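Reviewing the structure listed below.
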Amino acid sequence: MPPLSFDAAQQKILEYATPLSAESVPLANLVGRVLAEDICAPVDLPRWDNSEMDGFAVQAADCQPLAQLKVTGYIPAGATAEGVTVVAGAAVRIMTGAPIPAGCDAIVPIENTDGGQETVTIQQAVCSGDFIRYRGSDIAVGERILKAGTVLRPAEVNLLAAFSLVTAPVFRQPTVAILSTGDELVAPGENPAAGQIIDSNSYSLAAAVREMGAIPQILGIARDNRESLTEKISAGLTADVLITSAGISAGDRDFVREILEQTGVRQLFWKVAIKPGGPTAFSLNGVKLVFSVPGNPVSSMITFEQLIRPALLKMMGRCDIFRPLEQATVQGILRNETNKTRFLRVKVEKTAAGLVAESAGDQNTGILSTMLHANAIAILSPDQGELNDGDNVSVQLLQPL
Ligand code: AMP
Ligand code: MG
């Protein structure tokens, strides 16, 4: 099977990445979650006409400057206006948020009066309707105020709470099992013997999964033998998504694909025309997705970014699954020495003339530090060859500029 183009691979994955079921989550844990159903206002907001200010409930027609009104009542916050009426020539002291009494058509803020207790002197005229928040003027009952797919921010959580809801239906977050494979690997914290490599991929992948809002499950290290891989892969297949790293190239101990097949996982592709990340496999275990990424740390991070992250976001119900793609002007040289889609780690800066992109360092996939200096990925198409000073390049922003 020839390698799939980047677009074809991405499309194939997204075809099978579908939003997970909804779950009911309490208010306190909703921020960042994605609403699974439309929410219509169950009540008017505000629920009743109420005062926008501390002051006096009046009839606006009475309120010429220096008019004196008799104070006939008091409605503090939390009280009802039942039985209270504002008659001509009178005023009722009222607190912010308290319900508007019968007969009142305006509020005079306390600072526009002498603050009198028995009689109050009005210092500034008001118009009918002034400083009254009318029932439903913010949100009317029945209004479809939040749409499915909305990422909940504090403002949306406030609204849900204001409707007196205690939970909201949101898409489940995928659990993502992460398995590193390789005889050479030891866990961070250990002192590697000659030839041993620290398993850093488990942690960068888990960090990337957590950062985008899914739930990582680190499985540890499987050794390059059939027993170890079978055991760990079987454990990983209980998650919504399994990501394995390493062991899928052409090495004589690269068993990952073979073991996946034996555990009943159906492989859809195992090579993509991209660099880095070419030997990436995508398989299905029923409706669950299995990604096998190369072991090289830079390759595994870039493959996650390009092929896995959008799929996980789609599973979480997100509509905006891709990083923002912008056009930038090249500074220096950006080279695609392959006939594949080439991802280059770049530094993008905002200038008066627009975005400028330059290489973040050595593009060899063995160089981890270039990743640290990059804030974007330049995407060069298979035929793009070499770009020079002043050329245009597509850049995918990894963080806001
Ligand atoms: P492989 O895909 O098995 O050929 O591995 C490619 C390179 O990535 C080798 O140098 C491995 O030692 C390295 N590597 C594999 N797995 C990991 C890992 N979990 N963390 C860091 N480096 C790894
Ligand atoms: Mg290996």
Side-chain angles (χ1 to χ4, degrees), residues 1 3-4 9 176-211 214 216-233 235-237 239 241-262 265 267 269-283 290-309 338 340 342-343 345 361-372 374:
M1 189 198 242
L4 242 54
V176 182
I178 295 164
L179 178 63
S180 284
T181 73
D183 284 337
E184 75 278 32
L185 300 180
V186 294
E190 288 185 35
N191 205 359
Q196 291 189 319
I197 300 265
I198 306 284
D199 166 26
S200 55
N201 287 351
S202 288
Y203 299 91
S204 64
L205 289 169
V209 165
R210 193 181 295 285
E211 187 184 48
Q217 297 172 346
I218 293 179
L219 294 176
I221 299 165
R223 298 304 169 192
D224 289 327
N225 63 66
R226 294 184 169 85
E227 298 69 41
S228 177
L229 280 166
T230 305
E231 184 207 323
K232 294 277 192 189
I233 284 176
L237 291 176
V241 173
L242 168 63
I243 304 176
T244 69
S245 92
I248 47 161
S249 310
D252 57 2
R253 282 188 286 172
D254 288 345
F255 296 129
V256 170
R257 285 182 47 211
E258 179 191 320
I259 303 299
L260 280 172
E261 227 156 39
Q262 277 173 17
V265 170
Q267 288 185 38
F269 63 77
W270 53 89
K271 265 192 194 141
V272 188
I274 56 176
K275 184 178 178 181
T280 290
F282 174 57
S283 325
V290 181
F291 297 93
S292 306
V293 302
N296 179 294
V298 169
S299 307
S300 69
M301 282 188 274
I302 292 201
T303 309
F304 178 89
E305 187 57 49
Q306 302 304 328
L307 293 174
I308 305 179
R309 186 176 182 276
T338 71
K340 307 168 180 180
R342 181 77 167 101
F343 303 113
R345 291 154 276 166
D362 188 338
Q363 296 293 337
N364 187 309
T365 49
I367 306 295
L368 196 55
S369 57
T370 303
M371 202 80 202
L372 304 179

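Small disclaimer: the values here were computed from a predicted structure and weren't measured. Both counts, for ligands and for their atoms, begin at 1 and track the order of listing.
At a 4.0 Å heavy-atom cut-off, ligand 1 touches Ile197 through the side chain alone. Of all the heavy atoms of Pro297, the ones lying under 4.0 Å from any atom of ligand 1 belong exclusively to the side chain. The part of Ser180 lying near ligand 1 is the side chain, judged by heavy-atom distances below 4.0 Å.
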Given the rule in the side chain to side chain contact (heavy atoms under 4.5 Å, CB included) test, do Ile308 and Val209 qualify, once you have shown the distances and angles that lead to the verdict? CA-CA 9 Å; Ile308 305 179; Val209 165; over 6 Å; no

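Between Glu184 and ligand 1, a contact under 3.5 Å exists for at least one N or O pair. The distance criterion of under 3.5 Å between nitrogen or oxygen atoms is met by Gly295 with respect to ligand 1. Polar contact check, Asp254 against ligand 1: no nitrogen or oxygen pair lies under 3.5 Å apart.
No side-chain heavy atom of Ile367 sits less than 4.5 Å from a side-chain heavy atom of Val298. The closest side-chain heavy-atom distance from Met301 to Val293 is not below 4.5 Å. Side-chain contact between Met371 and Ile302 is present, with at least one heavy-atom pair separated by less than 4.5 Å.
Scored by the ring-ring contact (aromatic ring centres under 6.0 Å, His included) test, Phe304 finds no partners at all (sequence neighbours excluded).
Residue Ile178 is tested with Ser300, Pro216, Ser245 for a side-chain contact (heavy atoms from CB on, under 4.5 Å); the sole match is Pro216.
Listed by number with element, the atoms of ligand 1 under 4.0 angstrom from any heavy atom of Ile198 are 20 (N), 21 (C). Interface of Ala246 with ligand 1, defined as ligand atoms under 4.0 Å from a residue heavy atom, comprises 1 (P), 2 (O), 3 (O), 15 (C), 16 (N).
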